[in-house]
Number of protein chains: 2
Amino acid sequence: MNIEKVFVEKGISLTSQRRLIAETLLNSSKHLGAEELFYLVHKKNPRIGLATVYRTLQIMRENGIIEKRDFGDGCSRYEDRKDMHHDHLICMKCGNVIEFDEPTIENLQMKVAEKKRFKVVTHRLELFGYCNKCSK
Amino acid sequence: MNIEKVFVEKGISLTSQRRLIAETLLNSSKHLGAEELFYLVHKKNPRIGLATVYRTLQIMRENGIIEKRDFGDGCSRYEDRKDMHHDHLICMKCGNVIEFDEPTIENLQMKVAEKKRFKVVTHRLELFGYCNKCSK
DNA sequence: TATAAGAATGATACTCATTCTCAATATATT
DNA sequence: AATATATTGAGAATGAGTATCATTCTTATA
Ligand SMILES: [Zn+2]
Ligand SMILES: [Zn+2]
Ligand SMILES: [Zn+2]
Ligand SMILES: [Zn+2]
């Protein structure tokens, strides 16, 4: 993903701080929390403040560049908004997150909602347990 | 549910405070948050402190009497742990919560996890949107 | 270029749900 | 009763996230 292009398209001014924050998040394969991201960013530029990290995350979220997740471990996590929706398997030991997409589940969700006359806007499905490594 | 019996079975001493807190929560059909529950309890016995509400909730959760939920509205919510697992439809306007259980979805979840060699311990599925009333 | 207006930043104060601390009470045991 | 143990309530502490505000860029205009 070309950060400059995306920011320009959305009409967000791209400061050096925002560039570094965005680059660090989008180049990571993990679902980073704000503090974690701040730590990584801080190593590269110790002048950047935590507030700027939070602000940049909010702007990127408002503009549909990233998504906010809550895996119930006390802090929100952020990730690149991929083209395809996906859900998560979360390892309770090592914290590793595996992504998946199961269209049949998605369809069944819609049917359940219809039955209850409920209009679904969004959803989240998270399976907690142990990954292959950790369950040995 | 007989509160006295349940507490005795689990070996939890049942003080007057705990009885009131447990009764209030279990007699409610809603998914109450701690503050909300504290408010209800406080009306009946203003001497009970918020810390005791939190402590009692924790004890009941540790003993499998209730379950903690996080619907992403800033506070945890608690509900009677029913015999059957269930998931939730949550209205983003009125906050109403509808429960459902769809065994086919549950089965598919297991299959997805197997494919990823992941051992599922628990999961949560929440559909956010608008209930029948609010979507008009 | 100079300058004024506007946006972004960083330090810090603040909020708010939840947990911790500790002295005071209540309960159980000898 | 006397002692040990458990529970309580008030308030302090915690920690993620937000708001404030003076300072530092940018941009636009004279
Ligand atoms: Zn693992
Ligand atoms: Zn993801
Ligand atoms: Zn509604
Ligand atoms: Zn429920």
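Model, not experiment: these values are computed from the prediction. Heavy-atom basis, side chains included; hydrogens, waters and symmetry copies ignored. Chain naming here is simple, since letters A, B, ... match the order of the sequence lines and numbering starts at 1 in each.
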*Have a look at the helix from C:dT1-D:dA30 to C:dT30-D:dA1 and give the angle its two end axes make, five pairs each, rounded to 10 degrees.*
0°
_Side chains of B:H31 and B:E79 only: does a donor on one sit below 3.5 Å from an acceptor on the other?_
yes
*Could you tell me the separation between the CD1 atom of A:I48 and the C1' atom of D:dT24, rounded to a whole number of Å?*
15 Å
*Under the 3.5 angstrom rule, does the side chain of A:S28 hit a backbone N or O of A:T24 as a donor-acceptor pair?*
no
_Distance-only side-chain donor-acceptor flag, A:D83 / A:H85, under 3.5 Å_ = no
_Among residues 8-23 of chain A, which ones have heavy-atom contacts with DNA chain C below 4.0 Å?_
A:S13, A:T15, A:Q17, A:R18
*Backbone N/O of B:C131 and side chain of B:S135: donor-acceptor pair under 3.5 Å*: yes
*Round to a whole Å and report the spacing from CG of A:L57 to P of C:dT9.*
12 Å
_Aromatic ring proximity, centroids under 6.0 angstrom, A:H123 and B:F128_ = no
*Round to the nearest Å and state the distance from B:F7 atom CZ to D:dT7 atom C1'.*
13 Å
*Rounded to whole angstrom units, what separation is found between the CG atom of B:L37 and the P atom of C:dA17?*
14 Å
*Reference residue B:I21; test side chain to side chain contact (heavy atoms under 4.5 Å, CB included); the match among B:L40, B:V41, B:I59*: B:V41
*asked:* So does B:S13 get a backbone contact from the side chain of B:R18, meaning a donor-acceptor N/O pair under 3.5 Å?
replied: yes
*Just by protein heavy atoms under 4.0 Å, how would nucleotides 16-22 of chain D read 5' to 3' in B, S and -?*
SBBBB--
_Can a donor-acceptor pair be found, under 3.5 Å and without considering hydrogens, that links the side chain of A:K68 to the backbone of A:Y78?_
no
*Report yes or no: does A:N63 contribute a side-chain atom to a donor-acceptor pair with the main-chain N or O of A:I65 at less than 3.5 Å?*
no
_Given 3.5 Å as the limit, does a donor-acceptor pair link the side chain of A:E23 with the main chain of A:L20, or not?_
no
